[in-house]
Amino acid sequence: MIRTRIAPSPTGKLHIGTARTALFNYLYAKNQGGTYVLRIEDTDKNRSTKESEHDILAGLEWLGIGADEGVTTEGELGDLGPYRQSDRTGTYRQYLEVLIESGDAYWCPTSGEELDRLKKEADASKQPFIYRPEHRDGRYEYQEGSVLRFKVPDEVIWFEDKIKGKIEFDTSLMGDFVIAKGWDNPLYNFVVVIDDELMQITHIIRGEDHISNTPKQILINRALGFKRKNFGHMPLILAPDKSKMSKRHGATSVEDYRALGYLPEAMVNFLALLGWNEGNDREDYTLEELVQKFSLKRVQKSGAVFNKEKLDSINAKYIRALPIAEKVRIGSEFLTHNGFDLDKLSQSQLEQIISIECDRIKTFGEIGDDVKFFFETPEYDGEILVWKNMTAEEAKASLEWVKEQVYNIDEDSYTEIESRLKEIINESDWGMGQVLWPLRVALSGQERSPSPFEIMQVLGKDETLARIDQAIQKLS
RNA sequence: GGCCAUAUCGUCUAGUCCGGUCCAGGACGCCGCCCUCUCACGGCGGAAACUGGGGUUCGAAUCCCCAUAUGGCUACCA
């Protein structure tokens with residue numbers, strides 16, 4: 001039975017990179033018929049917050065990759081908990097004792113200041129700093145301020161990474177690292193090993209920034225007599241300048257993208273393609289399809305730049321493919337958020353506006369000023385009513401003519417306004433552009449907008465006529 | 001500095017394991033054309049890459065070596 005895990009630290013919002021790591025863990029577990037566990041790594045009490053934890057869980061669930069087991073917004077699931085490290089402090093101590101007993105770990109009283117001094121000394125003489133004190137034989141008992149160090153043996157340690165292939169480390173280049181600050185404050189590299197064992201994790205899929213932690217964890221894992229784990233290290237997501245993604249590069253959290261009007265399905269599709277592909281040209285996948293096709297073998301070995309244009313394009317496709325009810329639901333949310341009073345509209349008007357807009361936007365957040373004219377009479381400069389090399393008089397004449405035509409179309413056939421009006425224009429001496437440009441501007445107040453027919457449909461006959469009148473005034 | 005990893009269009013990538021079908025394919029972006037009252041959509045077309053140098057071979061994007069570049073790690077954070 002395959003078991004994977006995502007183990008975020010609640011020290012900030014759900015980062016886009018964490019979301020992708022979670023996704024790959026989810027996909028691998030599901031593809032193998034396994035279980036996907038979520039553990040909260042909050043051993044760093046100073047930086048961990050409940051708000052962050054909630055944001056992370058909610059973000060993951062929004063993406064559709066909430067945990068099978070472990071911490072969820074609904075509480076904890078599963079029998080191998082607790083799944084928050086802050087609730088597990090009791091279980092760690094006994095393993096600390098095991099390591100001290102076996103001589104694999106020892107108390108080190110060396111002060112932080114002393115360590116800093118040694119480090120600077122090594123730096124100055126351009127020597128790598130490898131701390132292995134005389135007292136690594138375990139001559140000291142615990143005392144206030146002591147840290148527990150792991151006694152690193154000299155050997156070449158290697159593992160077969162599921163993504164990167166064989167990776168070797170010479171542990172003689174490694175110092176005796178700290179696994180706990182006193183009895184009650186075990187550190188990351190230690191607790192992770194305990195938790196992964198106790199939660200029966202079989203595959204550890206994480207960012208490649210953890211590669212150098214792996215030999216430490218393998219050492220501890222072995223000293224404790226635990227089962228060997230499988231590792232897979234994913235390439236990082238990079239900013240456009242190829243550096244690590246950070247706040248200064250703009251939106252970096254899933255929450256940011258949700259607020260901007262991206263769809264979870266689009267995010268998942270995009271994130272999956274950032275570092276993985278099936279081996280062909282296919283690019284559109286639902287979560288379920290990704291589960292079917294996913295394989296660690298096809299995960300890329302090098303970092304991937306986060307390409308916002310590509311995300312936008314994928315998101316636009318997903319928006320257009322949404323059923324109308326969904327478009328209305330999400331569109332309404334953003335419209336309201338952007339300050340529009342939806343009570344002014346009938347359900348049918350709302351549906352029309354949103355479905356018109358959904359063909360034109362890349363993110364829901366874009367529904368804003370562009371739709372203002374649907375809600376209120378537009379303000380605009382009369383000059384833009386005049387098309388190409390028409391004169392103002394011609395534009396005015398055109399508007400007067402079209403006003404009459406619209407007036408004569410009765411309410412019952414108003415829904416066929418497009419075909420009716422085109423027919424009438426064709427039979428007249430007017431050209432399409434000569435009629436439709438001034439008309440469209442009269443209705444929208446904009447040089448760029450949806451077609452006049454769509455707008456007329458939404459506005460209704462009376463408002464259409466009123467706006468044409470207003471335009472005629474501007475040209476008088 | 002040390003250790004580890006990576007290297008195909010601007011970006012995401014196919015092709016690399018099992019060398020010839022690759023004067024390198026797709027997507028995003030960009031440019032042009034078509035559709036068209038405008039914008040957007042859609043359709044068609046275009047420019048655009050094997051990091052460099054050696055080697056192996058009849059033949060290398062693919063195998064080997066070196067160089068270079070880039071990224072990660074180098075905590076009493078995770």
Side-chain angles (χ1 to χ4, degrees), chain A residues 7-11 41-44 46-48 85 108 110-112 115-116 119 122-123 125-130 145-149 161 163-165 167-171 173-175 177-182 185 187-189 191-192 206-215 233 235-236 238 240 242-244 270 273-284 297-298 300-314 316-317 320 356-362 370 384 387-388 425 431-441 444 446-453:
Chain A
S9 296
T11 55
E41 306 218 323
D42 53 356
T43 48
D44 187 336
N46 297 325
R47 297 199 302 152
S48 300
Q85 288 181 335
C108 172
T110 312
S111 71
L115 225 44
D116 283 347
K119 218 173 285 178
D123 249 21
S125 57
K126 297 212 166 186
Q127 293 298 309
F129 181 63
I130 302 171
S146 287
V147 298
L148 193 65
R149 288 183 183 275
D161 193 277
I163 293 167
K164 303 237 175 203
I167 298 179
E168 283 187 335
F169 285 92
D170 181 353
T171 62
L173 269 14
M174 206 185 286
F177 53 94
V178 176
I179 59 175
K181 298 194 275 185
N185 207 351
L187 264 23
Y188 169 74
N189 279 119
V191 290
V192 103
R206 57 192 353 179
E208 71 178 354
D209 46 341
H210 284 288
I211 287 182
S212 45
N213 285 326
T214 308
H233 288 93
L236 268 18
L238 274 24
K242 299 241 180 199
S243 67
K244 209 172 169 179
F270 171 71
L273 257 20
L274 213 55
W276 173 87
N277 73 83
E278 199 186 329
N280 53 31
D281 292 339
R282 184 170 173 191
E283 292 200 325
D284 58 309
K297 286 195 185 72
R298 295 218 53 97
Q300 215 66 23
K301 286 192 176 77
S302 53
V305 172
F306 186 94
N307 186 201
K308 186 181 171 294
E309 278 72 38
K310 182 83 178 186
L311 204 211
D312 282 350
S313 134
I314 291 175
K317 279 203 184 93
R320 277 177 247 129
I356 290 167
E357 282 304 303
C358 281
D359 285 336
R360 313 170 64 79
I361 54 173
K362 289 185 158 69
D370 286 355
I384 65 171
W387 187 53
K388 280 185 180 171
I425 295 168
M432 280 291 173
Q434 292 178 308
V435 179
L436 297 182
W437 176 281
L439 175 60
R440 195 173 49 71
V441 175
S444 68
Q446 298 175 1
E447 291 185 278
R448 300 167 163 200
S449 79
S451 95
F453 305 110

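In what follows, chains carry the letters A, B, and so on, assigned in the order in which the sequence lines appear, proteins first and then strands, with residues in each chain numbered from 1. As the structure is a prediction and not an experimental result, all values here were calculated from the model. Quick note: numbers below take in every heavy atom, side chains included, and nothing from hydrogens, waters or symmetry partners.
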So, A/R149 and A/T110: side-chain donor and acceptor under 3.5 Å apart, yes or no? no
Can you tell me if the side-chain N/O atoms of A/R320 get under 4.0 Å from OP1 or OP2 in B/G42? yes
What interatomic distance, in whole Å, is found between C1' of B/A47 and the corresponding atom of B/C28? 15 Å
Would you indicate, yes or no, if B/A14 has its OP1 or OP2 atom less than 4.0 angstrom from a side-chain nitrogen or oxygen of A/R298? yes
Rounded to the nearest angstrom, tell me the gap between atom CG in A/N280 and atom C1' in B/G26. 10 Å
I'd like a table of atom pairs between the protein and nucleotides 19-22 of chain B - only N or O on both sides, under 3.5 Å - with the distance next to each one.
none

Measure CG/A/D281 against C1'/B/C12 and give the value in whole Å, please. 13 Å
Sticking with atom C1', work out how far B/U16 lies from B/A40, rounded to a whole angstrom. 41 Å
In whole angstroms, how far is the C1' atom of B/C28 from the CD atom of A/E309? 8 Å
Rounded to whole angstrom, note down the C1' distance from B/C23 over to B/C50. 12 Å
Partner set under ring pair (Phe, Tyr, Trp, His ring centres under 6.0 Å) for A/F177, not counting sequence neighbours: A/F150
Pairwise C1' distance, B/U36 and B/C44 [rounded to whole Å]: 16 Å
Sub-4.5 Å side-chain heavy-atom contact between A/H233 and A/I163: no
Could you tell me the separation between the CD atom of A/Q127 and the C1' atom of B/G1, rounded to a whole number of Å? 10 Å
Protein heavy-atom contacts under 4.0 Å, written 5' to 3' over nucleotides 2-10 of chain B as B (base), S (sugar-phosphate only) or - (none), form the string -SSSSS---
Can you check the A/F453 CZ to B/C37 P distance for me, whole Å? 9 Å
Which residues share a side chain to side chain donor-acceptor pair (under 3.5 Å) with A/E283, sequence neighbours left out: A/K310
Identify which nucleotide among B/C37, B/U38, B/C12 has an atom closest to any side-chain atom of A/R448, counting heavy atoms from C-beta outward. B/U38
Take atom P in B/A61 and the same atom in B/G71, then report the distance between them in whole Å. 28 Å
Rounded to whole Å, please give me the gap between CG in A/L236 and P in B/G71. 11 Å
Please tell me which of the listed nucleotides, B/G29, B/A27, B/C12, lies nearest to the side chain of A/K362? B/G29
Given the C1' atoms of B/C37 and B/G32, what is the spacing between them in whole Å? 22 Å
Find the distance A/D312:CG to B/C28:P and express it as a whole number of Å. 13 Å
Could you state the interatomic distance from CG (A/L436) to CZ (A/F453), rounded to the nearest 0.5 Å? 4.5 Å
Produce a footprint string for nucleotides 62-68 of chain B: one letter per nucleotide, 5' end first; B if the base is under 4.0 Å from any protein heavy atom, S if only the sugar-phosphate is, - if neither. -------
Taking atom P in both B/G55 and B/U13, what distance in whole Å separates the two? 33 Å
Whichever of A/S449 and A/N277 has its nearest RNA chain B nucleotide further upstream toward 5': A/N277
Specify the separation, in whole Å, of atom CG of A/L274 and atom C1' of B/G71. 15 Å
Using a 4.0 Å cut-off on protein heavy atoms (strictly under), produce a 5'-to-3' string for nucleotides 73-78 of chain B with B for base contact, S for backbone-only sugar-phosphate contact, and - for none. S--BBB
Distance, P atom - from B/U62 to B/C73, rounded to whole angstrom: 31 Å
